[in-house]
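Written out below as structure tokens is the structure these notes cover.
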Amino acid sequence: MNNMQLQKLLKTLLFATLALVAVGAQAQGDPNAVFATVNGDDIKAGEFWHKLAWFRLDTQGKFANLPAGFLAINELITERIVFQLARSKGVSPSEPEIAAKVKEEEAASPNLLSELKADGRPESDLYDEAKYQLAQFKLRSFGITITDQEIEKHYHDYPSEFTLPERYKLRVIVVQDDQTQSDVDKALSAGKAFAEVAKEYSLDVSKASGGEFGTVTQAQLGKPALAAIKTVKIGQSTGWVTGASGSTVRVRYLVEDVLPPVVAPLDAALRRRIRESMSLIKGDVRNDVPKDIRSALVSAKVSINQTGFQKRFDEMVKQYAVETPSQ
């Protein structure tokens, strides 16, 4: 293990320890105690400890040497500022909007809720994250209106954005030595089903399902694999495709089907995605939300009940004041 790997490991252990300490503190302390205030809006201790317990710390760049606790409270303060900005502009997310956003996230990732619970996090975290995402979106797209005609024009002008490319439904057999490769070739030549041969000889985890590789696009395949696949017809298997230089791994593919390109229909869901995308593109030209947040932080009355964190926050705000002079 080199020094860089050691440092990374130590940081990982440190952050894991911080999370455990946070969980313990949350259980022992008063969760309703005020940890900080932002323009009179309280951040309770329980909220801070919960944020810290699940805080994902960026160990790169300017955040590398900052305490996880400070970054956690800073993020909570920023969230408060975002919600306050949204409220001041009259675009606070409504309860139906938040519920719809949560439903949309769950539909896109069916395992989202079970994975959240497996981590020990409450279901309310989905609600909180959806609310925050919506507030940011509304600020970035403030004052922007996208008409149905604009959506339809964009859809027809940029068909490649909405076209699912040609895809290949494949099975694979993976071997690593000459003898196994020979055994596979003999079995296939004798007419044994590709899936059965994969179960018997393949080294890949897909062997349990007969080598099912799934349906992939050209972009997901390496050049040697794609070239081999293009030389065979549906129902045929390729020759052996070798791995990277120096690798002994060899792969043989069965092309079960070739699916032609498909243009996604302009249904309600796609219309919504296009509208959101266009709103952000236009909104980011009109609205400088990062600057608005920095300005709001500079003018905010923030009190943190931890001297070291307050000092760091004040230093950060002073820098924002230099970078974002008042208009």
Side-chain angles (χ1 to χ4, degrees), residues 1-2 4-5 8 60 104-112 114-115 118 154-267 269-271 273-274 276-277 281:
M1 180 181 294
N2 60 36
M4 183 175 295
Q5 291 172 320
K8 185 175 182 180
Q60 305 298 319
E104 179 185 326
E105 294 291 335
E106 290 179 324
S109 303
N111 297 324
L112 184 60
S114 61
E115 290 174 353
H154 183 86
Y155 176 79
H156 292 297
D157 286 351
Y158 303 97
S160 62
E161 288 186 21
F162 315 106
T163 301
L164 198 60
E166 184 177 78
R167 291 146 291 149
Y168 303 96
K169 185 179 180 182
L170 307 171
R171 288 182 184 269
V172 296
I173 296 174
V174 179
V175 303
Q176 203 167 10
D177 60 83
D178 295 338
Q179 182 59 55
T180 307
Q181 177 178 322
S182 177
D183 292 341
V184 169
D185 290 340
K186 289 177 182 178
L188 292 175
S189 296
K192 193 169 184 177
F194 192 95
E196 293 304 313
V197 177
K199 288 181 180 179
E200 184 174 357
Y201 294 106
S202 183
L203 297 175
D204 192 70
V205 293
S206 64
K207 66 179 298 179
S209 59
E212 286 186 357
F213 192 70
T215 302
V216 297
T217 64
Q218 292 187 13
Q220 294 173 296
L221 293 165
K223 290 183 179 179
L226 180 60
I229 289 168
K230 281 185 169 293
T231 63
V232 299
K233 298 178 180 179
I234 295 174
Q236 295 180 339
S237 62
T238 68
W240 292 99
V241 178
T242 58
S245 179
S247 172
T248 58
V249 173
R250 286 152 262 182
V251 185
R252 190 162 178 173
Y253 296 89
L254 172 68
V255 181
E256 291 193 307
D257 201 0
V258 178
L259 306 176
V262 176
V263 179
L266 188 56
D267 56 16
L270 183 55
R271 282 180 179 274
R273 290 198 297 272
I274 295 174
E276 289 175 353
S277 177
I281 291 172

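Because only heavy atoms are used, hydrogens play no part in the values below, and waters and symmetry mates are left out as well, while side chains stay in.
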Exercise for the section: Can you see which heavy atom on E200 is nearest to which on K192, and at what distance? Expected result: OE1-NZ, 2.7 Å
Exercise for the section: Go through Q220 and T215 one step at a time and tell me if the side-chain contact (heavy atoms from CB on, under 4.5 Å) criterion holds. Expected result: CA-CA 10 Å; Q220 294 173 296; T215 302; over 6 Å; no
Practice task
Go through L170 and V255 one step at a time and tell me if the side-chain contact (heavy atoms from CB on, under 4.5 Å) criterion holds.
Solution key: CA-CA 5 Å; L170 307 171; V255 181; 4.0 Å; yes
Completion exercise
When rounded to the nearest 0.5 Å, the distance separating CH2 of W240 from CD1 of I173 is 5.5 Å
Handout entry: V174 vs V249 side-chain heavy atoms within contact, under 4.5 Å
Key = yes
Exercise for the section: Kindly say whether L270 contributes a backbone atom to a donor-acceptor pair with the side chain of D267 at under 3.5 angstrom? Expected result: yes
Enumerate donor-acceptor pairs with a distance under 3.5 Å from any side-chain N or O in residues 223-238 to protein atoms, sequence neighbours excluded.
unit_1, atom_1, unit_2, atom_2, d
K230, NZ, Y168, OH, 3.4
T231, OG1, A228, O, 2.6
Q236, OE1, K233, N, 2.9
S237, OG, R252, NE, 3.4
S237, OG, R252, NH2, 3.4
T238, OG1, Y253, N, 3.1

Handout entry: Those residues that, when tested against Y155, pass ring pair (Phe, Tyr, Trp, His ring centres under 6.0 Å) (two or more places apart)
Key = F162
Completion exercise
The reported gap from CZ in F194 to CG in L188 (rounded to nearest 0.5 angstrom) is 6.5 Å
Practice task
May I have the step-by-step check of side-chain contact (heavy atoms from CB on, under 4.5 Å) for L259 and K169, ending in yes or no?
Solution key: CA-CA 8 Å; L259 306 176; K169 185 179 180 182; 5.5 Å; no
Fill in the blank from the handout: CG of D183 to CD of Q179, rounded to nearest 0.5 Å, is 4.5 Å
Practice task
With side-chain contact (heavy atoms from CB on, under 4.5 Å) as the test, would you mind laying out the steps for T180 and L203 before giving the verdict?
Solution key: CA-CA 10 Å; T180 307; L203 297 175; over 6 Å; no
Handout entry: Point-to-point distance, once rounded to the nearest 0.5 Å, from OG of S109 to CD of E104
Key = 10.5 Å
Handout entry: Whether R250 side chain and Q176 backbone form a donor-acceptor pair below 3.5 Å
Key = yes
Handout entry: Polar side-chain atom of R171 near backbone of S206 as donor-acceptor pair, under 3.5 Å
Key = no
